[in-house]
2 protein chains.
Amino acid sequence: MWAREDELESLATGMVVAGDFKVATDVVLFTAREEDLAVLLVRRPRPPFDGCWALPGGLLAVDEPLEAAARRWLDEASGLRKLYVEQLYTFGRPDRDPRGRVLSVAHLALLRWQSRATLPSEAAWWPARALPVLALDHGEIVQTALCRLAAKLQYSTIALQLMPDRFTLSHLQAVYEMILGGPLDKRNFRKRMQALRCIEPTGESWRGGNHRPARLYRIREPGCVEIVK
Amino acid sequence: MWAREDELESLATGMVVAGDFKVATDVVLFTAREEDLAVLLVRRPRPPFDGCWALPGGLLAVDEPLEAAARRWLDEASGLRKLYVEQLYTFGRPDRDPRGRVLSVAHLALLRWQSRATLPSEAAWWPARALPVLALDHGEIVQTALCRLAAKLQYSTIALQLMPDRFTLSHLQAVYEMILGGPLDKRNFRKRMQALRCIEPTGESWRGGNHRPARLYRIREPGCVEIVK
DNA sequence: ACAAAAGTGTTAGTGTTACACCCATGA
DNA sequence: TCATGGGTGTAACACTAACACTTTTGT
């Protein structure tokens, strides 16, 4: 199917032989727990990096779309299916995998903490800012994902993909703060959220302790990440 | 080198066979001509899509970094080496190439029109907003690149990669306008550029016709794309 | 003198930031 | 009544957008 000319197309620069590649899809799955932003990791069951923590992911099947593979590996590592998934970046350093040439088409995924399932024993949630040493270049992939997520907070409604059906504004603010890594002004935050018109009060409220109950909000268009501003 | 377990890792979801893939790097090379934004295309010398216009690019060699491959294919199609290149997106629909499964790690590149070389006969510049029908999914790739470029004008100094050593503010404004596809206010544009502090007057000026000569500017830190605002 | 593009400031409006107190509840 | 987090408005500032005339040159 592949003509010899295709494999030697680049005669101008000398002999360049096109390779056959393994392609992996690795996924950075974030969730917002009570106190911190967490990332799903799995212990690698095989060499190389046997027993080392790594991102969920693995080889792409021959007829599989990229995002479908990312979702399949996530499903396997966590039992989860309905998630927000987007392509992040493709990591392809020739020496990134000691077994040979493997590209990784990394994806960024978000999970509502409340809809998590019980994890298989080899998977666990880790605090996003205190990860163990990861296999391969997975540490770099997580950093890239964190930057992307923080950047997207500024101009999209992506953070809502981390929120449950009903939530308070303080809860939403806490999620923003754990992603951005710093405190936000309460009044300004609430003004901005209202201006975006992406959430609406349900009318209900939630008693959360020895203090005034908080209004509950819901997402106006769930499942839809809008670009704003 | 690849254990059988690796190729059949996903037992939970049934038999999934990891494939071997061809990987291409295709490049959307933009340049700012006098009147319009242009994209470099090449005529495919081989089936499929024999004789059809396509993006410069081709298969990745076995030990080659992704960006290096993008630069190699550009060099071959245009004789050009010193360019701005960044990864754009990875296109991987299983049916995107009739020959079989080929992923394309698309790149966005920028060239100063003044430093173009003479093209080989199979390559040509086309107006970015009036392209012919392209091979494969290359039309979609160009659209993605156009969106990325326009978005990056808003928060980075990437447009300077399209400018020659010395240029006038009107020239720079024309480049912004051809990317964004609409007119900008002259005074506001100049104010913004000055605020960014990414260019400086050379002291020289340029006589361009029956009118007042324009001051020439240069880039303060050439080769460096800054994120601003 | 005319045509053609270069160059230049001000104002109104909009969005952003900083900041402090009262409210409703449970213990 | 006290502790706790929920909820609210305003003023200064910065940024953006709209807008028109004078300058310098070549013909």
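None of these values were measured; they are calculated from a predicted model. We name chains A, B, ... by the order of the sequence lines, and we start the count at 1 in each one.
Rounded to an integer number of Å, the gap from CD of A/Q173 to P of D/dG5 is 14 Å. Rounded to whole angstrom, the span from the CG atom of A/L196 across to the C1' atom of C/dT16 amounts to 14 Å. Residue B/F167 contributes atom CZ, which lies 14 Å from atom P of C/dA6 at whole-angstrom precision. Going from atom CD of A/Q194 over to atom P of C/dT16 covers 14 Å, rounded to whole Å. One atom, CZ of B/F189, and another, P of C/dA6, lie 12 Å apart when rounded to the nearest Å. One can place CE of A/M193 at 16 Å from P of D/dG6, the figure rounded to the nearest angstrom. In this structure, B/H171 places its NE2 atom 16 Å from C1' of C/dA6, rounding to the nearest Å. Separating the CD atom of A/E34 from the P atom of D/dG5 is a distance of 14 Å, rounded to the nearest angstrom.
Every pair passing ring pair (Phe, Tyr, Trp, His ring centres under 6.0 Å) that includes a residue from residues 161-207 of chain A is listed here, sequence neighbours excluded: A/Y176-A/F189. Every pair passing salt bridge (charged side-chain N to carboxylate O under 4.0 Å, His left out) that includes a residue from residues 131-143 of chain B is listed here, sequence neighbours excluded: B/R93-B/E140, B/R96-B/D137. Under the ring pair (Phe, Tyr, Trp, His ring centres under 6.0 Å) criterion, the residue pairs touching residues 104-131 of chain A are A/W53-A/W126, A/W113-A/W125, with sequence neighbours excluded.
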Report each atom pair, protein N/O against N/O of nucleotides 9-13 of chain C, whose distance is under 3.5 angstrom.
| unit_1 | atom_1 | unit_2 | atom_2 | d |
| --- | --- | --- | --- | --- |
| C/dG9 | O6 | B/R187 | NE | 3.4 |
| C/dG9 | N1 | B/R187 | NH1 | 3.4 |
| C/dT10 | O4 | B/K191 | NZ | 3.0 |

Show me the protein contacts with nucleotides 23-27 of chain C, counting only N or O atoms at under 3.5 Å.
| unit_1 | atom_1 | unit_2 | atom_2 | d |
| --- | --- | --- | --- | --- |
| C/dC23 | O4' | A/R212 | NH1 | 3.2 |
| C/dA24 | N3 | A/R212 | N | 2.9 |
| C/dT25 | O2 | A/N210 | O | 3.1 |
| C/dT25 | O2 | A/H211 | N | 3.1 |

N/O donor-acceptor pairs under 3.5 Å from side chains in residues 177-186 of chain A, not counting sequence neighbours:
| unit_1 | atom_1 | unit_2 | atom_2 | d |
| --- | --- | --- | --- | --- |
| A/E177 | OE2 | A/Q173 | NE2 | 3.1 |
| A/E177 | OE2 | A/L184 | N | 2.8 |
| A/D185 | OD2 | A/R187 | N | 3.1 |
| A/D185 | OD2 | A/N188 | N | 2.9 |
| A/D185 | OD2 | A/N188 | ND2 | 3.4 |

Return a table of donor-acceptor pairs under 3.5 angstrom between the side chains of residues 194-201 of chain B and protein atoms on other chains or two or more places apart.
| unit_1 | atom_1 | unit_2 | atom_2 | d |
| --- | --- | --- | --- | --- |
| B/E200 | OE1 | B/R220 | NH1 | 3.0 |
| B/E200 | OE2 | B/R218 | NE | 3.0 |

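A/R192 comes within contact range of no nucleotide atom at all, as no heavy-atom separation falls under 4.0 Å. As judged by a 4.0 angstrom heavy-atom cut-off over every strand, B/S170 is placed among residues touching the sugar-phosphate backbone only.
Legend: residues meeting side chain to side chain donor-acceptor pair (under 3.5 Å) with B/E221, ordered by chain and number and at least two apart, are absent. Contacts of B/Y84 classified as ring pair (Phe, Tyr, Trp, His ring centres under 6.0 Å), with partners at least two apart in sequence or in another chain: none.
Ion pairing of B/R33 with B/D36 is present here, as a side-chain N (NZ or NE/NH1/NH2) and a carboxylate O approach within less than 4.0 Å.
Of all heavy-atom pairs between A/A145 and A/L108, the closest is CB-CD1, 4.3 Å.
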